[in-house]
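What follows is one structure encoded as structure tokens, with my remarks underneath.
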Amino acid sequence: AGTRASKFGLTGCITFNDLSVKSLKVHIQDSMCEDAIHFVRTKGHIESVTVINTLADAIDADFSDLIFNNLDIFEAGNDCVDFSAGTYQIIKNKFHNCGDKGVSAGEGSIVVLDNSEIRGALIGIVSKDESSVVFKKARLLNVDVCLAAYKKKQQYGTARLVGENLVCTSEKYFQQNGSYLNY
């Protein structure tokens with residue numbers, strides 16, 4: 001009691017742990033877990049993921065090396081995607097109503113977004129704690145803050161967030177001293 005993890009220490013309704021995946025397709029709806037889908041030390045290619053109505057994070061990935069072809073997320077109670085300590089590429093994503101961040105990259109992760117659409121989030125794209133995020137095309141609609149780059153955890157350094165071809169309906173950006181933000 002009092003923990004968000006299962007008796008095995010896992011936080012995902014679906015957890016991919018220490019695996020290689022190829023052309024994976026996942027659909028999950030009405031998740032009540034800390035993470036609808038959790039990737040831990042997983043490598044490979046994910047063809048498509050659809051998450052509809054999740055209590056907290058839709059996708060959480062740690063220590064992984066993943067390429068996502070297509071991500072569709074509707075109604076995430078917290079972050080639509082939360083990446084830590086790995087390398088991640090999203091070819092195309094459509095996120096609708098992320099409770100906190102659309103894309104959150106932390107703990108030294110490297111994230112590349114090719115064609116990103118986020119409709120509804122407190123912050124569209126975040127790079128923090130020695131992470132690097134590069135986006136090639138991003139449409140951030142109905143967000144409070146478009147982009148943010150900062151250091152959150154003491155043991156990490158500053159962050160980097162760069163991109164081109166940005167459309168954002170907000171005029172707010174956050175760049176902590178020492179972090180790099182260029183769009």
Side-chain angles (χ1 to χ4, degrees), residues 4 11-16 26-39 46 48-62 64 66-86 88-107 109-129 131-150 152-153 159 161-163 165-176 181 183:
R4 298 177 303 205
T11 59
C13 283
I14 300 172
T15 299
F16 296 90
V26 181
H27 178 96
I28 186 169
Q29 187 167 338
D30 300 326
S31 159
M32 297 301 290
C33 301
E34 172 72 10
D35 307 311
I37 302 169
H38 193 188
F39 295 95
I46 293 138
S48 67
V49 175
T50 302
V51 179
I52 301 170
N53 191 32
T54 182
L55 176 69
D57 291 350
I59 297 172
D60 191 332
D62 302 304
S64 296
L66 297 168
I67 298 171
F68 296 89
N69 259 14
N70 194 34
L71 293 180
D72 291 308
I73 297 172
F74 305 90
E75 307 293 334
N78 197 38
D79 299 337
C80 277
V81 293
D82 184 0
F83 297 128
S84 297
Y88 308 94
Q89 181 178 8
I90 300 175
I91 306 300
K92 182 179 178 185
N93 70 276
K94 288 187 179 180
F95 299 161
H96 297 268
N97 299 325
C98 309
D100 191 8
K101 298 172 222 53
V103 175
S104 178
E107 299 178 1
S109 58
I110 297 169
V111 177
V112 175
L113 306 167
D114 287 337
N115 188 356
S116 187
E117 181 178 301
I118 300 167
R119 293 179 179 265
L122 292 177
I123 307 174
I125 301 171
V126 171
S127 182
K128 59 187 184 291
D129 299 332
S131 292
S132 177
V133 176
V134 175
F135 64 86
K136 296 178 183 169
K137 180 180 177 184
R139 290 178 40 90
L140 309 176
L141 311 172
N142 194 25
V143 298
D144 187 47
V145 176
C146 297
L147 306 171
Y150 56 90
K152 179 179 176 183
K153 297 179 180 176
L161 174 54
V162 298
N165 200 359
L166 173 67
V167 173
C168 187
T169 55
S170 174
E171 294 183 10
K172 296 180 189 173
Y173 297 84
F174 178 72
Q175 177 184 358
Q176 187 179 49
L181 177 60
Y183 55 93

>> Taking side chain to side chain donor-acceptor pair (under 3.5 Å) as the definition, give me every residue that meets it alongside Gln89, ordered by chain and number, with sequence neighbours left out.
In response: Asp114
>> Please give me the minimum heavy-atom distance between Ile28 and Ala36, naming the atom from each residue.
In response: CD1-O, 3.7 Å
>> Applying side chain to side chain donor-acceptor pair (under 3.5 Å) to Asn53 and Glu75, what does each step give before you reach the verdict?
In response: CA-CA 5 Å; Asn53 191 32; Glu75 307 293 334; over 6 Å; no
>> Please determine whether side chain to side chain contact (heavy atoms under 4.5 Å, CB included) holds for the pair His96 and Glu117, giving the CA-CA distance in whole Å, both sets of side-chain angles, and the decisive distance to 0.1 Å.
In response: CA-CA 8 Å; His96 297 268; Glu117 181 178 301; 4.2 Å; yes
>> Just to verify, what does Lys101 make a salt bridge (charged side-chain N to carboxylate O under 4.0 Å, His left out) with, not counting sequence neighbours?
In response: Asp79
> Tell me, do Ile73 and Thr54 make a side-chain contact under 4.5 Å, heavy atoms counted?
Replying inline: no
> Who passes salt bridge (charged side-chain N to carboxylate O under 4.0 Å, His left out) against Glu107, sequence neighbours left out?
Replying inline: Lys153
>> Which heavy atom of Asn165 sits nearest to which heavy atom of Lys136, and what is that distance?
In response: CB-O, 3.4 Å
>> Is it the case that the side chain of Thr169 and the backbone of Asn142 share a donor-acceptor pair, with hydrogens and angles ignored and the cut-off at 3.5 Å?
In response: yes
> Are the side chain of Tyr183 and the backbone of Leu161 linked by a donor-acceptor contact shorter than 3.5 Å?
Replying inline: no
>> Rounded to the nearest 0.5 Å, what separates atom CG in Asn93 from atom CZ in Arg139?
In response: 12.5 Å
> Where is the tightest heavy-atom contact between Asp62 and Ser84, given as atom of each residue plus distance?
Replying inline: OD1-CB, 3.2 Å
>> Return the CD to SG distance between Glu34 and Cys13, rounded to the nearest 0.5 Å.
In response: 10.0 Å
>> Checking Asp60 now: which residues fulfil salt bridge (charged side-chain N to carboxylate O under 4.0 Å, His left out) with it, not counting sequence neighbours?
In response: none
>> My understanding is that only residues two or more places apart in sequence, or in another chain, count here; which of them pass side-chain contact (heavy atoms from CB on, under 4.5 Å) with Ser170?
In response: Val143, Cys146, Cys168, Lys172
> Going from CG on Asn78 to CG on Asp57, what distance comes out if it is rounded to the nearest 0.5 angstrom?
Replying inline: 4.5 Å
> By side chain to side chain donor-acceptor pair (under 3.5 Å), which residues pair with Ser131, not counting sequence neighbours?
Replying inline: Ser109
> Got a second to check how far Leu55's CG is from Asp30's CG, nearest 0.5 Å?
Replying inline: 11.0 Å
> Would you say the side chain of Leu66 lies within less than 4.5 Å of the side chain of Phe83, judging by non-hydrogen atoms?
Replying inline: no
> Can you find a pair of side-chain heavy atoms, one from Tyr150 and one from Val126, that are under 4.5 Å apart?
Replying inline: yes
> Are the side chain of Tyr173 and the backbone of Leu181 linked by a donor-acceptor contact shorter than 3.5 Å?
Replying inline: no
> What residues, two or more places apart in sequence or in another chain, satisfy side-chain contact (heavy atoms from CB on, under 4.5 Å) together with Gln29?
Replying inline: His27, Ile52
>> With heavy-atom distances below 4.5 Å as the criterion, would you say the side chains of Phe39 and Phe68 are in contact?
In response: yes
>> Suppose we screen for side chain to side chain donor-acceptor pair (under 3.5 Å). Which residues come up paired with Asp100, at least two apart in sequence or across chains?
In response: none
> Partners of Asp82 by side chain to side chain donor-acceptor pair (under 3.5 Å), sequence neighbours excluded?
Replying inline: none
> Sequence neighbours excluded, which residues qualify as ring pair (Phe, Tyr, Trp, His ring centres under 6.0 Å) partners of Phe135?
Replying inline: none
> What is the distance from atom CG of Leu147 to atom OG of Ser127, rounded to the nearest 0.5 Å?
Replying inline: 10.5 Å
> Are side-chain heavy atoms of Val26 and Phe16 found at a separation under 4.5 Å?
Replying inline: yes
> Roughly how far, to the nearest 0.5 Å, is the CG atom of Leu166 from the CD1 atom of Ile125?
Replying inline: 7.5 Å
>> Do Cys80 and Ile118 make a side-chain contact, defined as non-hydrogen atoms from C-beta onward lying under 4.5 Å apart?
In response: no
>> List the residues meeting salt bridge (charged side-chain N to carboxylate O under 4.0 Å, His left out) with Lys92, not counting sequence neighbours, and say none if there are none.
In response: none
